[in-house]
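In what follows, a single structure is set out as structure tokens and then discussed.
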Amino acid sequence: MAETPYFVKVEEALKISFHTKTQSGLEIVELDDAFQRILAKDLNSLVNDPPFDNSAMDGFAMRYEDTINPPKTLEIIGTIQAAGQEDSIFVGPGQAVRIMTGAPIPKGADSILQVELTSTDQSSVTLQKEGMKHFIRKKGENLVNGEVALKAGTYLTPSRIGLCATMGHKTIPVVKRLRVAIISTGDELKQPGDKLERGEIYESNSFGLAGLVKWLGHQPVRMHSVGDSLDDLRDTLNLAAEDCDLILTSGGVSMGDWDLVRKIMEDEGDVHFWRVKLRPGSPPLFGLWKDTPIFGLPGNPVSSHVVFRVLVGPWIRNATSANGPVEARAFAKLASKVKPTRDSLTLRRVSIEVTKDGLVAHQKIHQGSGNLASIAFSEGMVILQPGREYSIGDMVEVMIL
Ligand code: AMP
Ligand code: MG
């Protein structure tokens, strides 16, 4: 692999991998199944939102001019609690209508006063303040019928799914979930629940990676974990390539003799890059196995997690033209000394404290790349640029976990 790009910057790794796309189809789902899916087409509203002028408050509707110089006392001529009841009502001078939040505004009225600022007897209301014109929610003020409200590529959060319903859609077109094979490698790995023998550890990467895949709206396919055997690995890769759109392996991509993922990819696959200027997480490779894109992730649990967030997540988003979900980024003030590296983008796990002066980042936990607790107990990762020095008190960029 003489010309294979080696030990590339993160941006270069992204650029190289983005040249490889995958086919992702479209399917129609019910709104109840739309959570964390990616909208496949622009979605336009089938109605105006709101569909009619309505009250933003429980209170009274009347003519604004009748409310100037409060207190003012007006005659109550009716109650509007739901659509239809306003048809027979016309609010004339000196009159008011009791109205509930969301109920249609009757003809004649052009202002609302909330019930808290009124007092009533049997047939009249006394207003303590002027009526508020902005408490009338105008027809179409949020969305106009036909307007494209959600674009193709939108990641469907709960509020966006609600918006689909507001727009009148019962079903929506979403990107078909990518099937993402996850293959753990290593003779030392045991499934949680089994008894550990000497030298063995519980296999954890596939569970963390499966969660990350689901979070992006796709379907993890956990393959059985393979020992350090080229034949097993080849068979499992072949199965994965037939059945899945993307393959993730963990372990076996470093320089060691038993790093069989790297070896089999060099000998029988197509490697597009190997090793990245990223800490933790420098060993990964990307390429094709039988035309199926494959990321070889490091075995160390923190490294595999970081590489997913920094390389695999962006690749999946790019391949499916999805604009989310992305980790929130923020700036925080360093409260601990953190160690950058000379040539790599370095991510240190930190606790984030919210103070009145902004976010403060503390590095509280042992940063070993085998220490999964360092991510599990942290709220963020500070992003340290290669070759720079950082002091306590500096503002640094953080990826919120
Ligand atoms: P490797 O990249 O295969 O050399 O593995 C590096 C380290 O990560 C070793 O300590 C492995 O035991 C550990 N490791 C590899 N795969 C997994 C996994 N799926 N779950 C947990 N730890 C792993
Ligand atoms: Mg290994």
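Each ligand, and each atom within it, is numbered from 1 in the order the structure gives.
- When hydrogens are left out, the protein atom nearest atom 4 (O) of ligand 1 is Asp259 OD1, 3.9 Å; that is the closest non-hydrogen contact.
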* Evaluate the criterion salt bridge (Lys or Arg N to Asp or Glu O under 4.0 Å) for residue pair Asp231 and Arg234; output intermediate values, then yes/no. => CA-CA 5 Å; Asp231 288 340; Arg234 184 182 302 106; 2.8 Å; yes
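- The closest approach between any non-hydrogen atom of Gly252 and ligand 1 is below 4.0 Å.
- Note: no N/O pair closer than 3.5 Å links Gly251 and ligand 1 by distance alone.
- Looking only at side-chain heavy atoms (C-beta outward), Lys107 and Val91 stay at 4.5 Å or farther from each other.
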* To do: Would you sort out whether Arg37 and Glu27 count as a salt bridge (Lys or Arg N to Asp or Glu O under 4.0 Å), showing the intermediate values?
  => CA-CA 11 Å; Arg37 301 300 298 268; Glu27 64 184 340; 2.6 Å; yes
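- A search for side chain to side chain contact (heavy atoms under 4.5 Å, CB included) contacts involving Lys133 returns Tyr64, Asp110, Ser111, not counting sequence neighbours.
- Atom 9 (C) of ligand 1 has Glu188 OE2, 4.2 Å as its closest protein atom, hydrogens excluded (heavy atom only).
- The heavy atom nearest to atom 8 (O) of ligand 1, out of those in Gly370, Gly299, Pro298, Ser303, is found in Gly299.
- Heavy atoms of Ser204 approach ligand 1 to within less than 4.0 angstrom.
- What sits closest to atom 22 (N) of ligand 1 on the protein, heavy atoms only, is Ile201 CD1, 3.5 Å.
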Please tabulate, for the side chains in residues 42-51, all donor-acceptor contacts under 3.5 angstrom to protein atoms that are two or more places apart in sequence or on a different chain.
unit_1	atom_1	unit_2	atom_2	d
Asp42	OD1	Ala152	N	2.8
Ser45	OG	Val47	N	3.4
Ser45	OG	Val47	O	2.7
Asn48	OD1	Asn145	N	3.0
Asp49	OD2	Asn142	ND2	3.3

* Could you check Lys277 against Asp343 for salt bridge (Lys or Arg N to Asp or Glu O under 4.0 Å), going step by step and ending with a plain yes or no? => CA-CA 7 Å; Lys277 294 184 177 171; Asp343 53 7; 5.9 Å; no
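- Close approach of ligand 1 to Ser184 is summarised as follows: ligand atoms under 4.0 Å from at least one heavy atom of the residue are 19 (N).
- Both the sub-6.0 Å distance and the 45° axial angle are satisfied by Arg309 relative to the ring of Trp215.
- Distances from ligand 1 to the non-hydrogen atoms of Ser250 include at least one value under 4.0 Å.
- Taking the ring centre of Phe207 as origin, the terminal cationic atom of Arg222 falls inside the region bounded by 6.0 Å and 45° from the ring axis.
- Residue Glu203 places at least one N or O, backbone or side chain, under 3.5 Å from an N or O of ligand 1.
- Among all non-hydrogen protein atoms, the one lying nearest atom 6 (C) of ligand 1 is Asn300 N, 3.7 Å.
- Among protein heavy atoms, atom 17 (C) of ligand 1 sits closest to Asn205 ND2, 3.4 Å.
- Contact between Tyr202 and ligand 1 is present, with at least one heavy atom of the residue lying under 4.0 Å from the ligand.
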* Report the C-alpha separation of Glu379 and Leu359 in whole Å, then their side-chain angles, then the decisive distance to 0.1 Å, and conclude whether the side chain to side chain contact (heavy atoms under 4.5 Å, CB included) test is met. => CA-CA 11 Å; Glu379 287 88 41; Leu359 303 180; over 6 Å; no
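- Of the heavy atoms in Val253, none comes closer than 4.0 Å to ligand 1.
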